[in-house]
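Because the structure is predicted, anything quoted here is derived from the model rather than measured. Counting starts at 1 for both ligands and their atoms, in listed order. Any value given below was found using the heavy atoms of this structure, including those in side chains, with hydrogens, waters and symmetry copies removed.
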Amino acid sequence: MRFDLVTLFPAIFDGYLTQSLLEKAIKKGLVEIHRHDMRDWAADTPHRKVDDRPFGGGPGMLLQVDVTVPCVEDVERMAQTPSRKILLTPQGKRFDQPMAEDLAISDRVMLLCGRYEGFDQRVIDILEPEEVSIGDFVLNGGEVAAMTIIDGVVRLLPGVLGDEQSNWDDSFSRGNRLLEFPQYTRPREFRGHGVPEVLLSGNHEAIATWRSEQSLEKTERRRADLLDRPQ
Ligand code: 6GU
């Protein structure tokens, strides 16, 4: 799977791309991540301006259509496979586990990271990207949201996690809409806190029953909204 990141701050991704799970997935050739600095498409050297004030007034700056659209078109041509284009914005459709599962079966995803007040509307009208948000709060730019999406998607790719079943059992996936049950490891006792007896019983049926009761109870208490959500 190939990701193309279009951003004004490609260096933000440095640490993330060279750590742990993602670095391993890249080394194994399971995922390719290409970063593109939007400023390379700015016309006006040496300032390399990519943003301008909104017509009609108002705060902040908008990313210009005459920089963004040619940039995205050029990036698209850098590989044969057509990309699914996602523009990161708090106005977008909320990212969730079914969306991660859907992206994980795509061959190529382009993530457009906005900054400032966002993009000129014509970027959206011309490119018709999917607009995606990671939640109801405002970030300074799309980069952290893009990392969130990559993180959520890459761990679903076959061969990335050790245990193939585990990502389908995760909370919120299509195969499970309950929160996780509590888990324990050694020591058996710490500062007077023990481990539920059933987990030490060796009775696998009793353990499975206890775990599903715990999951259901926790979900009812914290996230009742998940229980009446259609699958
Ligand atoms: Cl995708 N971008 C920004 N700037 N803020 C957000 C977001 C995205 N998702 C939630 N807040």
Handout entry: For Phe137, all residues meeting side-chain contact (heavy atoms from CB on, under 4.5 Å), sequence neighbours excluded
Key = Ile134, Leu139

Listed pairs under 3.5 Å, donor-acceptor, residues 183-190 side chains, sequence neighbours left out:
none

Side-chain donor-acceptor distances from residues 124-132 under 3.5 Å, at least two apart:
from, atom 1, to, atom 2, distance (Å)
Asp125, OD1, Gln121, NE2, 2.9
Glu130, OE1, Arg84, NH2, 3.0
Glu130, OE2, Arg84, NE, 2.7

Problem - Pairing of Glu73 and Arg77 as salt bridge, 4.0 angstrom limit - result: no

Show the short N or O contacts, below 3.5 Å, that ligand 1 makes with protein N or O atoms; if there are none, say 'none'.
from, atom 1, to, atom 2, distance (Å)
ligand 1, 4 (N), Leu139, O, 3.2
ligand 1, 5 (N), Leu139, N, 3.0
ligand 1, 9 (N), Ser133, OG, 3.3
ligand 1, 9 (N), Ile134, N, 2.9
ligand 1, 11 (N), Phe137, O, 2.5

Practice task
Decide, yes or no, whether a salt bridge links Asp40 with Arg48 under the criterion of side-chain N to carboxylate O below 4.0 Å.
Solution key: yes

Exercise for the section: Could you tell me whether Lys218 and Glu180 have a side-chain N and a carboxylate O separated by less than 4.0 Å? Expected result: no

